[in-house]
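For reference, the structure discussed in these notes is given below.
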Amino acid sequence: MPPSRVLTDQDQHELLQSLIEVARKAGEVMQTGSTHMLTASANIAQKASAVDLVTEWDVKTEDLIRTELEKAWPGFGFIGEESYTDETKLTNEPTFCVDPIDGTTNFIHSFPFACVSIGVLYEKQPIIGVVFNPFLNQLYSGRVGHGSFLNETRRLPLYPPRPLTSLSEALVGIEWGSKRTGPAIEAKIASFKALAAQEGKMVHGLRSMGSAALNYCLVASGSLDIYWEIGCWPWDISAGAIIAQEAGGFVSGAPNSPHDGVIDEKLLTGRKYIVVRAVAGSESESSLQCQQRLVKDFLATVVDYEP
Ligand code: IPD
Ligand code: CA
């Protein structure tokens with residue numbers, strides 16, 4: 001069914017401003033929360049595993065975001081990590097897709113690499129994204145057709161795209177995620193080895209920073225060359241994916257996906273994600289061809305597994 005509401009250019013502009021305003025307010029809640037985190041009374045609960053954590057501040061932050069957005073944009077759908085249930089359905093209607101705190105483990109440990117991530121999906125595709133790290137005061141934003149920015153003024157990527165001819169030249173974002181058992185952990189270890197070892201691709205380095213949304217923003221900035229993870233959810237990546245794409249990044253998914261750069265429902269919900277930064281093309285290869293080649297080479301190097 002087509003969406004009942006058409007989003008005009010003006011609507012999209014206003015939505016982006018709303019998201020920025022709400023993300024900054026959410027950032028204040030996170031900062032307040034972080035002062036409680038290292039105290040004995042900090043309320044930390046486990047979800048799917050002992051390393052899948054949630055705090056009362058995740059819930060408080062999502063409540064604030066939801067209340068503010070529902071007031072400003074009544075009738076929009078809302079998918080949030082902390083309120084998601086099996087009944088939550090993605091429709092073609094304009095929908096907020098929210099991770100109130102991405103990088104909860106960092107948040108708990110006062111490692112200043114956590115953010116609020118708010119995306120707008122329209123016809124099941126991200127069109128606007130805002131990712132705000134209040135601890136470093138870094139706000140990333142992107143809007144389809146209008147580019148991406150750091151702190152609203154600095155266009156991404158931060159520098160003109162450099163070439164990236166092979167994986168061996170790459171600084172790669174990876175994550176351990178919260179599934180640390182069975183085939184998943186074996187596949188992760190084998191993949192990290194295949195990327196890092198001399199007998200493998202021997203990439204320049206692997207970085208595990210603990211926030212999927214911020215990893216996309218680092219790729220958008222040009223600071224990370226590639227980020228790959230299996231196991232995230234749409235709220236981890238919706239905002240980051242549009243920010244990276246609007247910065248010239250190439251966003252893709254599972255090994256058997258089309259690798260056409262389209263961020264559709266299948267990619268969003270597929271739980272397998274890869275993104276390559278904007279690269280300079282060469283005489284023999286366009287920038288898109290280079291990004292697609294790197295994605296294929298990367299996915300042939302790592303071990304695929306079901307999250
Ligand atoms: C997690 C972080 C982490 C990634 C996990 C995510 P959370 O989100 O983004 O970097 O490895 O897959 O679930 O739990 O901090 O919102
Ligand atoms: Ca979260």
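Counting convention: from 1, in listed order, for ligands and their atoms alike.
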Considering [options], which one's heavy-atom position lies nearest to [atom]?
atom                    : options                      : answer
atom 14 (O) of ligand 1 : Lys47, Glu81, Glu229, Glu82  : Glu81
atom 16 (O) of ligand 1 : Asn106, Asp99, Val54         : Asp99
atom 1 (C) of ligand 1  : Leu53, Thr105, Asp58, Asp102 : Asp102

Look at [X] and state whether any of its N, O or S atoms is less than 3.0 Å from the Ca ion (ligand 2).
X      : value
Glu82  : no
Ile101 : yes
Asp102 : no

Could an N or O of ligand 1 be found under 3.5 Å from any N or O of [X], whether backbone or side chain?
X      : result
Cys232 : no
Gly231 : no
Ala213 : no

Measure [X] to ligand 1 on non-hydrogen atoms and call it side chain, backbone, both or neither using the 4.0 Å cut-off.
X      : result
Met209 : neither
Thr104 : both
Ser211 : backbone

Identify whether [X] and [Y] are in the same connected component of the hydrophobic contact network (ILVMFWY, side-chain heavy atoms under 4.5 Å).
X      : Y      : value
Leu139 : Val98  : yes
Ile185 : Val302 : yes
Phe96  : Val59  : no

(message) So if I count the atoms of ligand 1 from 1 in the order they appear, which ones are less than 4.0 Å from some heavy atom of Ile101?
(response)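 Ligand 1 atoms under the 4.0 Å threshold to Ile101: 16 (O).
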
(request) Would you indicate whether Lys47, at its atom NZ, is surrounded by more than 12 heavy atoms from other residues, nucleotides or ligands within a distance under 6.0 Å? (result)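 Yes, the 6.0 Å shell around NZ holds more than 12 heavy atoms from other groups.
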
(request) Identify whether NZ of Lys or CZ of Arg in Arg154 sits under 6.0 Å from the centre of the six-membered ring of Phe149 and within 45° of that ring's axis. (result)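 So Arg154 doesn't make the cation-pi contact.
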
(message) Ring-plane angle category for Phe107 and Phe135, please: parallel below 30°, perpendicular beyond 60°, tilted otherwise.
(response) tilted

(request) Inspect the contact between Arg162 and Glu169 and indicate whether a charged nitrogen and a carboxylate oxygen are less than 4.0 angstrom apart. (result) no

(request) Kindly indicate whether the side chain of Trp57, heavy atoms from C-beta on, has any atom under 4.5 Å from the side chain of Ser34. (result)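 No, their side chains stay 4.5 Å or more apart.
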
